[in-house]
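Worth knowing before you read on, the calculation uses all heavy atoms, side chains too, and leaves out hydrogens, waters and symmetry mates. Letters A, B, ... are given to chains in the order of the sequence lines, protein chains preceding strands, and every chain is numbered from 1.
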Amino acid sequence: MTRLQSVFHLAAPAPFHFEGTAYSHGWVVLAPNAWDASRATMTRVERLGGGKIALLEITGAGTPRKPAIRIGATHRGRLSGEDGLEIQRRVSRMFRVDERLEDFYAECRARGGGWVKVTAGYGRLLRSPTVFEDVVKIICTTNTQWGGTKRMVSGLVEAYGEPYPGDGMRKAFPAPEAIAAAGLDEFAARVRMGYRAPYVHELAVRVTRGELDMEGFRNKGAPTAELRKQALGIKGIGNYAAATLLMLLGRYDCLAVDSVCREFAKKKYFAGRAPDDAEIHAIYEDWGEWRYLAYWFDLWQDFNGEL
DNA sequence: TTCCAGGGGTAGA
DNA sequence: TCTACCCATGGA
């Protein structure tokens with residue numbers, strides 16, 4: 001069967017910095033995502049609800065005043081109207097095109113200095129098309145180095161992801177059903193994620209059985225504290241992971257304090273003395289609902305010198 | 001060999 | 001709510 005191509009354009013909110021969004025944190029290089037720096041293009045295999053597998057090529061488009069995201073989809077067989085809408089919904093979620101950052105930008109402008117650069121369309125930290133994928137990836141970031149996270153996620157995709165037809169090297173992120181169908185022993189032996197294996201497997205089983213509604217975490221009406229409590233109910237999710245998940249859900253009032261954060265705060269704000277967590281939280285307290293983004297771009301500016 | 005990483009679960013206080 | 005202890009894995 002011949003490969004067909006479809007192209008979609010998503011309108012993005014101005015200001016919108018495509019590369020700054022795609023490469024906003026490590027997610028862009030975690031399988032099945034891949035980043036081609038020479039073309040400023042993100043590619044990813046997506047398994048659609050109707051069963052079709054598409055290879056997506058996602059790039060920035062439009063103009064500064066009317067920014068957009070171009071999605072090139074390669075697939076076998078025609079896409080239905082619903083398939084096309086699903087692709088756009090998924091990319092829209094990944095790049096947070098519905099999120100409003102005006103108040104955050106206003107706060108950055110008020111602070112001045114390097115913060116003004118953030119208002120050029122940064123601040124939308126890349127996420128996954130599904131909450132399930134984000135939670136699995138967050139669990140794979142805990143108590144390991146970044147190289148370990150990449151290895152675990154690649155192994156998971158390789159072992160249980162559906163291959164893109166004609167190029168078995170590229171696969172979609174595994175459906176929870178695929179993980180749940182494997183026994184825990186087999187799963188743990190194939191993916192090698194150590195003590196995290198039972199957590200990820202149990203999560204997949206609970207989602208498959210309908211005991212856990214991951215997409216329900218997007219509930220915009222729920223208070224952050226309630227979502228945090230629900231997140232902490234998932235095995236493998238503690239304070240750091242819950243704050244990271246809340247960030248991916250668009251709630252920035254919790255700070256994800258990890259070893260990177262501790263080391264950064266120690267050097268920049270405490271003259272080499274190790275602060276306790278309460279002291280770290282206090283640094284960004286006055287950013288209110290934007291605390292996480294404030295920390296993230298404080299770290300980013302310090303690390304890169306500039307955006 | 002030993003340490004530890006973008007921590008978390010559990011038991012016990 | 002806090003602390004101590006244990007948890008697999010792989011890189012340094």
Side-chain angles (χ1 to χ4, degrees), chain A residues 23-31 33 35 125-128 133-160 179 182-206 212 217 225 227-249 251-270 274-284 291-304:
Chain A
Y23 221 97
S24 49
H25 65 133
W27 256 219
V28 74
V29 294
L30 281 188
N33 296 339
W35 176 251
L125 276 59
L126 188 71
R127 54 190 181 184
S128 303
E133 182 176 331
D134 275 336
V135 170
V136 170
K137 286 179 171 175
I138 289 169
I139 291 175
C140 290
T141 66
T142 59
N143 200 24
T144 187
Q145 293 177 322
W146 184 243
T149 300
K150 288 196 283 187
R151 179 189 54 75
M152 285 183 248
V153 175
S154 295
L156 182 63
V157 170
E158 173 57 32
Y160 297 101
I179 297 172
L184 173 57
D185 291 345
E186 180 210 308
F187 176 72
R190 283 187 78 183
V191 183
R192 313 297 296 171
M193 55 172 70
Y195 68 92
R196 304 164 196 82
Y199 302 153
V200 170
H201 189 264
E202 181 183 311
L203 177 70
V205 168
R206 289 178 68 193
L212 202 54
F217 276 93
L227 290 181
R228 180 172 179 275
K229 193 175 168 186
Q230 288 178 32
L232 290 172
I234 298 172
K235 281 197 180 178
I237 301 289
N239 288 331
Y240 155 79
T244 304
L245 175 59
L246 288 168
M247 174 278 282
L248 291 174
L249 293 168
R251 314 288 184 115
Y252 304 110
D253 31 351
C254 295
L255 215 57
V257 178
D258 57 16
S259 60
V260 172
C261 179
R262 290 192 179 90
E263 189 60 25
F264 170 65
K266 176 180 161 185
K267 281 185 182 167
K268 181 162 181 179
Y269 294 102
F270 293 90
D276 61 33
D277 286 6
E279 290 176 308
I280 295 175
H281 285 285
I283 301 170
Y284 302 100
R291 290 183 195 113
Y292 191 107
L293 288 181
Y295 155 63
W296 190 255
F297 285 98
D298 195 17
L299 177 71
W300 188 262
Q301 292 178 72
D302 194 72
F303 184 70
N304 289 331

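The CG-C1' distance, from A:Asp276 to C:dC2, rounds to 13 Å in whole Å. Here C:dG10 presents its P atom at 13 Å from OH of A:Tyr195, a figure rounded to the nearest Å. In this structure, CH2 of A:Trp27 is placed 13 Å from P of B:dG6, rounded to the nearest angstrom. The CG atom of A:Leu245 sits 15 Å away from the C1' atom of B:dG6 (whole-angstrom rounding). Between the CH2 atom of A:Trp146 and the P atom of C:dG10 there is a distance of 18 Å, given to the nearest Å. Atom CG in A:Asp277 sits about 15 Å away from atom P in C:dT1, given to the nearest Å. One can place CG of A:Asn143 at 16 Å from P of B:dT10, the figure rounded to the nearest angstrom. Atom-to-atom, CZ of A:Phe264 to P of B:dG6 comes out at 16 Å; the value is rounded to the nearest Å.
The base of B:dG7 has none of its N or O atoms less than 3.5 Å from a complementary donor or acceptor on the side chain of A:Tyr240. In terms of polar N and O atoms assigned as donor or acceptor, the side chain of A:Tyr199 never comes within less than 3.5 Å of the base of B:dG7 in a complementary pairing.
Between C:dC5 and B:dG6, the distance separating the two C1' atoms is 22 Å to the nearest Å.
Here A:Ala256 lies out of heavy-atom contact (under 4.0 Å) with every strand. Nucleic acid contact class of A:Thr144 (heavy atoms, under 4.0 Å, all strands): base. Contacts of A:Ile138 with the nucleic acid, taken as non-hydrogen atoms under 4.0 Å apart, are absent. Counting any heavy atom pair closer than 4.0 Å across all strands shown, A:Ile139 reaches no nucleic acid atom. At a threshold of 4.0 angstrom between heavy atoms, the contacts of A:Gly236 are confined to the sugar-phosphate backbone, with no base atom among them.
Ring planes of A:Trp35 and A:Tyr23: perpendicular class, angle over 60° (limits at 30 and 60°). Using a 30° and 60° split on the angle between ring planes, A:His25 and A:Trp296 fall in the perpendicular class, above 60°.
Across the interface with DNA chain B, nearest-nucleotide mapping of A:Trp296 and A:Leu232 shows A:Trp296 to be the residue nearer the 5′ end.
Counted within 6.0 Å of NZ on A:Lys268, heavy atoms from surrounding residues, nucleotides or ligands total more than 12; the atom is thus considered enclosed.
The shortest heavy-atom contact between A:Gly236 and A:Thr142 is O-CG2, 4.5 Å.
At the phosphate of B:dT10, OP1 or OP2 sits under 4.0 Å from a side-chain N or O atom of A:Lys235. Taking side-chain N and O atoms only, A:Ser259 has a distance below 4.0 Å to OP1 or OP2 of B:dG7.
Between the side chain of A:Lys137 and the backbone N or O of A:Ala31, at least one donor-acceptor pair lies under 3.5 Å.
Distance from the side chain of A:Asp258 is smallest to B:dG6 among B:dG6, C:dT9, B:dG8.
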